[in-house]
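Notes follow the structure.
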Number of protein chains: 4
Amino acid sequence: MWLRVSSNVEMEFQVESPMLLLLRPRSDAQQWVARDHYAVRPTMPITEYTDMYGNLCQRLLAPPGRFQVEVQSDVQVPARVYQEPGAPFVPVQALPDHTLMYLAPSRYCESDRLGTLAGEIVQGYRPGYDQVAAISDWIHNNIRYLTDTDPAPVSASEAIGRGAGVCRDFAHAGIALCRSLSIPARLVVGYLHRLEPMDLHAWFQAYVGRRWFTFDPTQATTAGGRVWLAYGRDAADVPVFHQFGPPVVPSRMDVSVEEIAGPV
Amino acid sequence: MWLRVSSNVEMEFQVESPMLLLLRPRSDAQQWVARDHYAVRPTMPITEYTDMYGNLCQRLLAPPGRFQVEVQSDVQVPARVYQEPGAPFVPVQALPDHTLMYLAPSRYCESDRLGTLAGEIVQGYRPGYDQVAAISDWIHNNIRYLTDTDPAPVSASEAIGRGAGVCRDFAHAGIALCRSLSIPARLVVGYLHRLEPMDLHAWFQAYVGRRWFTFDPTQATTAGGRVWLAYGRDAADVPVFHQFGPPVVPSRMDVSVEEIAGPV
Amino acid sequence: MWLRVSSNVEMEFQVESPMLLLLRPRSDAQQWVARDHYAVRPTMPITEYTDMYGNLCQRLLAPPGRFQVEVQSDVQVPARVYQEPGAPFVPVQALPDHTLMYLAPSRYCESDRLGTLAGEIVQGYRPGYDQVAAISDWIHNNIRYLTDTDPAPVSASEAIGRGAGVCRDFAHAGIALCRSLSIPARLVVGYLHRLEPMDLHAWFQAYVGRRWFTFDPTQATTAGGRVWLAYGRDAADVPVFHQFGPPVVPSRMDVSVEEIAGPV
Amino acid sequence: MWLRVSSNVEMEFQVESPMLLLLRPRSDAQQWVARDHYAVRPTMPITEYTDMYGNLCQRLLAPPGRFQVEVQSDVQVPARVYQEPGAPFVPVQALPDHTLMYLAPSRYCESDRLGTLAGEIVQGYRPGYDQVAAISDWIHNNIRYLTDTDPAPVSASEAIGRGAGVCRDFAHAGIALCRSLSIPARLVVGYLHRLEPMDLHAWFQAYVGRRWFTFDPTQATTAGGRVWLAYGRDAADVPVFHQFGPPVVPSRMDVSVEEIAGPV
């Protein structure tokens, strides 16, 4: 299916502010970007590099005053998320080298402290895909969705502790619980078709049965229609927009996803 | 300056043909892509990966029949090429690790066989930038530009031997001569504003004075207004469009570069 | 100077245990390994890969029973750590791309929560090297060294909170405080000549004045004679030896560092 | 099986000479280096980096006079080369991204000019492993082995043209012929147990049936007991020892491979 996705962010800077943005979707084997439009106002130099996860990262130095970034892309993505109940757990010794970094605890995913809970959640489930699905369901049923984004990010264990969070927290919880069972898991940030209310979104992927599978604990079912912007170990790795210096909250943040017939 | 660059290529395939394309410009510290549009007809799945040089590579399987690819981008690039006569030669032991691969001979740049000629050309010039400029001038004055692209690519020494070639051959000659003096050199493929006749273009970069400098031996002077599509050791590394199977010549190949006021 | 470094670790496994080890020093521009000896008992297949930081990582599947790994290397390293008081802070917009990942918070370095403390510590110091030195001194003077390694690792803010820690905690504190000031900082794990009591050690590096500088807050002065085994964002990235499965404490852990006249 | 491999090379330099060496075997999934010893005389600074193929590369600046390098390693390798007659050809569109660079022609492997010959050689063989085996046999039967190493390296088509060559030429011929059939192929440089006469050796690998297979056209049968030092597209990529400046022939070059019971 073809999706037209866009983000329109405005901020008001008091001082010159270096920024790091991960707002340009990249083509790979999962999605094809046929059209792309990236604009900042006022006009300023921008450079781009690829980080160690393969994400496209934009760097700029925003002058004081109003800053606006607007990105729009037409992207072809799978209409359905691939699922495979029963896909087996891959023992650590058989994991590909490149997945091992997704076993370690990270800033917001203290997998080293969630082993007992994970063990309880997956009890009775077959090791692998079914365990991850059980974790995703447990999160969906036990963490309450907060409509107000919390300005100070919390970790997976903090979110589980208070029983509430935003999509990023749901994903972090899934990641931390999977890793505590030696299942590699990573964060995905991007767009989801028909998300309510519409916003940038976060979900996670787990490596079982020799491939990465997508799980979205915020949603009752993991629907297709996803455009990824960035992969990482957790949100600390993928600051979709991040300014260095005094914290600034966007004065405007419009996100839209619409299905289109095809590329123009 | 802002350039709108586009390529429109048509081919007629007798059989299903796997293709590798490097037609999408990437943003980096040298150029910023504000708008991008990539279309193939008929519609078919495309995947993209980043090669070891950082080039974006598109893969597809073209069905029999007419195949068309059309790419258009708005890109901000320097209006002038940075020059620094006198920039010194960097001794091999002081070269950064990542430049060493650009010292070795490659398919179309047999630097191992051009040392004597290079020594003659640069005689009397200061080691470094001035030697590279002398090489570029020598090529411009001693190789005749062929307006008909030769279907079978030739190497630098073959092009020098026959005293004629296309832009790729001019660049290969520059690369091979530089490398024979232990100056790292690499091929760049892309667009050049005001190229006559307009087409995709090739030039080279040499590493002296601790950075890469651009040289274009096809042109009397190395003007600015360049959008790069791919870097590589030579044209074997960067097949801007390459089909596997029986050779096919494009039935249409339109390239355009126009200056625009700014991104739309 | 030449150092002969060795680690001899023994563990008793109840069950077959996948392991990840980072015990082989690698040669680079900072150290040269002239001799290397890596043995495990009992004999078992071992594979090695290079992680995204360039560390050599060994993988194996230890059978139940006694497991022993012994690594010994002769390494040439600088006798003194390079210091440069006054080296300036590099503004975020001028940092090389590859250093940016060392600005983000990580599992044990919650730089997002230590900005106020960091501001207090560096008050009155010139931005850059002098701030990092002030942070390192503050840690040395305000955190008490624990001789008993804590089995459950704590984070920088936890270690600062309780005013005590092991070398890893000292380094994590330095890293987290630097990052909160937008100074890239990373963990180094390895050997230190004349460490008392001798053990594997951890320190940190900060990027100021356009290069990485070494700081060791555990020590009164940052002496030379350091062999690095692994770089990472924090200890979660560089598990010098890590077994997956039920936790196991080494039954023996001998580390030695002796100066030698030169390679044999 | 365990092999003790060593190289002892001596050269006489008239002038200070930068050198690039690839003489240190690396551990990976195919071989495990349990002991390693790398010495140069006179003593001089050496640095090491990893190239884009994953090879360990040593850099140094040899002073005028006698230069000696001696490397000895104990390595565990498979006693037999894995073979799989009938393993199928992988169509280009199904090849993993990382294998595509091994389809392009390279300095010594002009696959763009050997398609007709390759087609003749493999006529009647099943696409894939059997074609590669036919190519390897054809080379063994049609190229005469030269015991004197030719100082000026020749390319695959030159070696085929004169019907004679050294091991590197045999491997280059295999690589070029495979690539002309759209089979990825790469050079391997290293040690072979029981090679007669003993020397450093070169062979090739081809990607069929979804993995790399080893072929050694210099030998009547592709025996096991191989320690790899470097992978690359051809010998231009992997200069096992290469000095920049006036050509120098080793005054001594001792290579040995002996089977040992196990690591010391």
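Note that these values count all heavy atoms, side chains included, but never hydrogens, waters or copies made by symmetry. Proteins come first, then strands; the chains are lettered A, B, ... in the order of their sequence lines, and each starts at number 1.
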Specify which of B/Leu56, B/Thr47, B/Thr43 makes the most heavy-atom pairs with chain A at under 4.5 Å. B/Thr47
For A/Arg66, does the CZ atom sit with more than 12 other heavy atoms under 6.0 Å from it, leaving out its own atoms? no
Region of B/Gln58 in contact with chain A, defined by heavy-atom distances below 4.5 Å: side chain
To the closest 0.5 Å, what do you measure between OG (B/Ser27) and OH (A/Tyr38)? 9.0 Å
Most contacts with chain A, counted as non-hydrogen pairs under 4.5 angstrom, among B/Ala34, B/Ala29, B/Gly54: B/Ala34
Aromatic A/Trp32 / basic B/Arg59 pairing, under 6.0 angstrom, 45° off normal: no
For the atom pair NE2 (A/His37) and NE2 (B/His37), what is the distance rounded to the nearest 0.5 Å? 13.0 Å
Among B/Gln31, B/Arg24, B/Gln72, the residue with the most heavy-atom pairs under 4.5 Å to chain A is B/Arg24
For the residue pair B/Thr50 and A/Arg26, what are the closest heavy atoms and their distance? OG1-NH1, 4.1 Å
Tell me if the CZ atom of A/Arg194 is crowded by more than 12 foreign heavy atoms within 6.0 Å. no
Does B/Gln76 reach the side chain of A/Pro45, with side-chain heavy atoms less than 4.5 Å apart? no
